[in-house]
Amino acid sequence: MPLRLYNTLTKHIEPFIPGDPSHITFYTCGPTVYDDAHIGNFRSFLAADVLRRWIESPLCDVQAEGGARHRGPRRVTHVMNITDVGHMTDDAEGGESGEDRMSVAGRRLLEAKKAGKLPDNVSVDPSNPYQIAEFYANRFVEDARRLGLKVAIESQQDPTLMPRATQKVAGMIQVIRRLIDRGHAYAVGEPGKQTIYFHVPSFAPYGKLSGNTLDQLAEGKGGRISAANQAQKKHPADFLLWKSDPSHVMKWDSPWGTGYPGWHIECTVMSAERLLLPGAPASGVVKQAAGGVGPALLDALVHLTDQTGIIDLHSGGEDNIFPHHECEIAQSCAAFNTHPEKGTFARMWFHPRFLLVDGEKMSKSKGNFYTPRDLFEKGIEPAAIRFEIIKTHYRSNANFTEQGLKDSQRTVDRWRTFLERADQGARDSSVDPEVGRWFALAMSNDLNIAEAIAEVNKWISRTHEPSLNDGMMMRTFDNVLGVLELSRAATAQTEIGVFRDGLAPDPAVLAKLNERAAARAGKNFKRSDEIRDELAKMGYGIKDIAGGKVEVRRA
RNA sequence: GGGCGGGUGCCAGAGUGGACAAAUGGAGCGGAUUGCAAAUCCGCUGCGCAAGCUUCGUGGGUUCGAAUCCCACCCCGCCCUCCA
């Protein structure tokens with residue numbers, strides 16, 4: 001069965017039909033970097049990652065235009081932006097002052113610096129918003145790589161896969177200019193200090209993605225818009241493309257005045273610039289000529305398209321559906337399509353749902369707020385975190401729990417053991433003919449990852465003596481799930497102990513292990529059990545393994 | 001007020017007209033193994049000895065038949081111009 005996905009735009013599960021089934025273009029709305037990303041953020045990024053890995057898999061079939069079936073593997077160009085612009089001066093969360101988020105982050109960093117909580121090797125100037133953004137962007141990419149986010153790994157070789165909004169402002173200005181030229185945007189205010197708005201009534205399909213219609217949108221219900229800004233718009237739903245504000249912490253020159261771009265415009269530009277002509281390297285010459293615009297975007301601005309969807313896939317958290325992606329569709333189609341009202345920008349819109357923790361919303365005040373860093377520090381390995389976060393269907397609210405994390409760790413351990421055994425297994429044994437098919441069927445059914453995992457588990461249970469071929473099969477599955485390939489904390493070995501979970505051989509622990517070994521040798525099992533309990537109280541779990549050694553893990 | 005995604009067994013989480021008392025993992029129980037554990041393997045885990053009975057948010061309905069379809073209601077999550 002070819003891949004089918006729930007399309008937020010049509011509200012149906014439907015075949016994913018890309019423009020070119022041998023090469024998929026995929027854009028994911030990435031993080032805003034004013035703080036460390038948390039596991040909730042990562043849920044949507046990892047769901048997108050699993051999707052792209054599945055599309056790349058040799059097991060995945062995709063329907064081509066005209067109905068033909070395209071068999072995997074195939075190439076995916078996956079772009080994920082980093083929003084490193086603060087650009088929210090009306091931001092309610094910044095406090096009554098509507099303070100910019102980067103400024104808030106700066107204050108927080110300054111406090112951390114004063115308190116000596118910043119790592120020594122980090123030099124960041126808390127008064128410099130660009131440095132703050134860079135600081136958090138780097139930390140994000142680091143976390144993402146540890147969790148196996150492929151786009152973050154690839155961006156080491158090809159940084160254009162993770163573009164930064166601050167470096168794409170020239171392109172945004174070009175697109176805004178185009179929107180004004182085509183009558184979709186207008187300026188208010190005095191020349192040199194103008195604000196540019198997208199005029200929503202100029203794009204008839206506005207609202208299709210979110211299900212909102214202009215008359216149903218209750219203006220101000222979200223409590224985030226200021227009356228003063230509303231008053232100057234032609235229509236209450238019109239949204240910001242450019243704001244002239246020389247006092248802003250991050251600002252650029254533009255034909256309309258010094259200021260900053262609107263939030264939505266950045267994704268239009270970053271996706272178009274990298275994905276419209278897949279593989280075309282950004283040429284320095286063209287960039288110069290176009291004022292910093294890449295060739296794909298330049299081409300899009302010169303040659304309008306008749307295609308409905310000009311990129312194949314677009315993903316983002318469920319909160320992005322409205323207004324962000326709604327606005328992105330409007331402005332992208334208005335800028336790039338011959339007939340904007342016929343456009344959808346992306347052929348398929350993919351929105352993972354939010355993650356809950358212990359059945360509740362994650363929040364700092366509830367104490368159920370986790371970042372991957374928090375968990376790494378506790379010695380939880382990336383593979384377990386990744387598995388726990390991806391194991392639930394992307395369109396329901398997953399529940400992240402400590403028990404779940406333990407369950408996930410066990411599964412990861414079992415799968416690893418299976419793979420290790422398979423790698424030492426027979427050479428010429430044939431692989432189970434069923435499991436690949438079931439796995440593919442599950443994944444192609446709107447990414448039913450839980451069922452796919454169940455198929456892997458059943459297969460492992462019935463495969464008592466895995467062969468080399470089974471190992472290859474397991475790797476094929478894991479290339480999709482991305483779990484076993486993740487690095488884990490090094491194992492430290494001593495004469496007696498094998499220390500897992502990144503534990504260092506503590507002399508106190510070693511002493512106890514030796515004492516226990518002696519007790520056992522003398523058949524003093526009472527004492528040896530006491531020692532096990534003592535170690536448990538110290539936070540260590542032990543088990544006897546082959547060769548007379550003891551494996552030590554965090555309890 | 002409006003738009004959207006969900007609600008399944010002790011927990012997590014599949015299933016979306018009959019093969020469903022409901023996959024898979026965890027937890028629990030029993031057994032093999034182990035000095036005891038751990039890991040692994042086997043069996044059980046709604047009620048009932050059984051034929052059978054009662055379950056899939058709640059209440060109605062459609063159907064020979066519903067966890068699955070329809071209607072109403074309740075709950076959780078997201079959104080209605082910062083948010084994964």
Side-chain angles (χ1 to χ4, degrees), chain A residues 6 8 11 28-32 34 37-48 83 86-94 98 100-101 200 207 209-213 215-226 229-230 233 236-240 262-264 315-324 326-327 351-356 359-361 387-388 391-401 403-408 410-411 413-414 417 442 448-458 461 464 520 523-526 528-529 532 541-546 550-551 553:
Chain A
Y6 179 89
T8 309
K11 321 260 181 296
T28 293
C29 280
T32 308
Y34 47 76
H38 50 71
I39 54 173
N41 300 116
F42 272 103
R43 178 175 199 218
S44 93
F45 303 143
L46 290 176
T83 297
H87 63 58
M88 308 302 165
T89 48
D90 288 321
D91 181 8
E93 194 156 307
D100 184 275
R101 286 212 139 176
V200 165
L209 183 75
S210 59
N212 292 323
T213 58
D215 52 303
Q216 279 171 332
L217 277 169
E219 183 190 342
K221 264 287 183 189
R224 292 169 184 170
I225 51 176
S226 82
N229 285 341
Q230 275 310 86
K233 294 181 186 177
D238 290 354
F239 57 89
L240 188 76
W263 172 37
H264 315 306
S315 84
E318 63 173 316
D319 55 334
N320 282 155
I321 296 169
F322 190 91
H324 186 48
E326 195 75 79
C327 295
H351 292 101
R353 262 57 207 186
F354 273 21
L355 180 75
L356 303 178
E360 292 189 87
K361 274 191 249 196
F387 192 89
E388 173 66 7
K391 74 182 184 187
T392 307
H393 187 81
Y394 73 91
R395 220 147 29 74
S396 59
N397 294 112
N399 191 14
F400 186 94
T401 61
Q403 183 58 49
L405 210 46
K406 279 183 191 152
D407 293 356
S408 295
R410 282 181 68 103
T411 302
D413 288 342
R414 201 147 48 86
T417 306
N448 190 341
I449 194 168
E451 198 183 316
I453 289 168
E455 292 303 334
V456 173
N457 279 326
K458 279 192 266 186
S461 296
H464 298 291
R520 293 183 73 213
K523 301 230 184 271
N524 183 355
F525 297 121
K526 183 166 177 281
S528 89
D529 289 352
R532 185 162 58 208
I542 60 168
K543 65 178 184 185
D544 298 308
I545 56 172
V550 182
E551 186 180 81
R553 307 189 78 143

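Lettering follows sequence order; numbering is per chain, from 1. Reckoned from all heavy atoms, side chains included, excluding hydrogens, waters and symmetry mates.
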For [X], report the nucleic acid contact type (base, sugar-phosphate, nothing); a contact means any heavy atom under 4.0 Å.
{"X": "A:Lys523", "value": "nothing"}
{"X": "A:Arg410", "value": "sugar-phosphate"}
{"X": "A:Gly40", "value": "base"}
{"X": "A:Thr401", "value": "nothing"}
{"X": "A:Lys406", "value": "nothing"}
{"X": "A:Ala442", "value": "nothing"}

In whole Å, I'd like the distance from the [atom1] atom of [X] to the [atom2] atom of [N].
{"X": "A:Asn212", "N": "B:G2", "atom1": "CG", "atom2": "P", "value": "12 Å"}
{"X": "A:Leu356", "N": "B:G6", "atom1": "CG", "atom2": "C1'", "value": "10 Å"}
{"X": "A:Asp319", "N": "B:G3", "atom1": "CG", "atom2": "C1'", "value": "15 Å"}
{"X": "A:His393", "N": "B:U24", "atom1": "NE2", "atom2": "C1'", "value": "17 Å"}
{"X": "A:Arg395", "N": "B:G15", "atom1": "CZ", "atom2": "P", "value": "10 Å"}
{"X": "A:Asp544", "N": "B:U33", "atom1": "CG", "atom2": "P", "value": "18 Å"}
{"X": "A:Tyr394", "N": "B:G6", "atom1": "OH", "atom2": "P", "value": "9 Å"}
{"X": "A:Glu360", "N": "B:C78", "atom1": "CD", "atom2": "P", "value": "12 Å"}

Say you pick atom [atom1] in [N] and the same atom in [M]; how far apart are they, in whole Å?
{"N": "B:G7", "M": "B:G57", "atom1": "C1'", "answer": "6 Å"}
{"N": "B:G46", "M": "B:C42", "atom1": "C1'", "answer": "23 Å"}
{"N": "B:G52", "M": "B:U40", "atom1": "C1'", "answer": "38 Å"}
{"N": "B:C74", "M": "B:G18", "atom1": "C1'", "answer": "30 Å"}
{"N": "B:C76", "M": "B:C82", "atom1": "C1'", "answer": "24 Å"}
{"N": "B:C80", "M": "B:C20", "atom1": "P", "answer": "44 Å"}
{"N": "B:C10", "M": "B:C44", "atom1": "C1'", "answer": "16 Å"}
{"N": "B:G13", "M": "B:A22", "atom1": "C1'", "answer": "12 Å"}

Shortest non-hydrogen pair, A:Ile321 vs A:Ser210, comes out as CG2-CA, 3.8 Å

For A:Asp544 and A:Val550, which heavy atoms make the closest approach, and how far apart are they? OD1-CG2, 3.7 Å

Does [X] reach the side chain of [Y], with side-chain heavy atoms less than 4.5 Å apart?
{"X": "A:Leu355", "Y": "A:Phe42", "value": "no"}
{"X": "A:Arg43", "Y": "A:Thr392", "value": "yes"}
{"X": "A:Leu209", "Y": "A:Phe322", "value": "no"}
{"X": "A:Cys29", "Y": "A:Asn320", "value": "yes"}
{"X": "A:Arg414", "Y": "A:Asn457", "value": "yes"}

Counting heavy atoms from C-beta on, name the nucleotide in [options] closest to the side chain of [X].
{"X": "A:Lys543", "options": "B:G3, B:A37, B:A12", "answer": "B:A37"}
{"X": "A:His464", "options": "B:G26, B:C41, B:A12", "answer": "B:C41"}
{"X": "A:Phe354", "options": "B:C36, B:A12, B:C78", "answer": "B:C78"}
{"X": "A:Glu318", "options": "B:A84, B:G13, B:G77", "answer": "B:G77"}
{"X": "A:Asn397", "options": "B:G13, B:C76, B:C79", "answer": "B:C76"}
{"X": "A:Tyr6", "options": "B:U24, B:G35, B:G5", "answer": "B:G5"}
{"X": "A:Asp529", "options": "B:G35, B:A23, B:U81", "answer": "B:G35"}
{"X": "A:Leu355", "options": "B:G77, B:A84, B:G5", "answer": "B:A84"}
{"X": "A:Asn457", "options": "B:U24, B:G35, B:A84", "answer": "B:U24"}
{"X": "A:Arg520", "options": "B:G35, B:U81, B:G5", "answer": "B:G35"}

Is there a donor and acceptor pair, one atom on the side chain of A:Asn448 and one on the base of B:G15, closer than 3.5 Å? no

Once hydrogens and angles are ignored, does a donor-acceptor distance under 3.5 Å link the base of B:G25 to the side chain of A:Arg414? no

Find the partner of [N]: check Watson-Crick (N1-N3 plus N6-O4 or O6-N4) and G-U wobble (N1-O2, O6-N3) distances, both under 3.5 Å, and reply none if neither fits.
{"N": "B:U40", "answer": "B:A32"}
{"N": "B:C69", "answer": "B:G61"}
{"N": "B:C56", "answer": "none"}
{"N": "B:G9", "answer": "none"}

Strictly below 4.0 Å: does [X] bring a side-chain N or O up to OP1 or OP2 of [N]?
{"X": "A:Asn399", "N": "B:A12", "answer": "yes"}
{"X": "A:Thr392", "N": "B:G13", "answer": "yes"}
{"X": "A:Arg532", "N": "B:A37", "answer": "no"}
{"X": "A:Asn41", "N": "B:A84", "answer": "yes"}
{"X": "A:Thr32", "N": "B:A84", "answer": "yes"}

Short question: side chain of A:Glu388, backbone of A:Phe400 - any donor-acceptor pair under 3.5 Å? no

Tell me which of A:Glu451 and A:Thr411 sits closer to the 5' end of RNA chain B, going by the nucleotide each one is nearest to. A:Glu451

Assign each of A:Lys526 and A:Ala454 the nucleotide of RNA chain B bearing its closest heavy atom; nearer the 5' end lies the nucleotide of A:Ala454

Should the pair A:Arg532-A:Asp529 be classified as a salt bridge under the 4.0 Å nitrogen-to-oxygen rule? yes

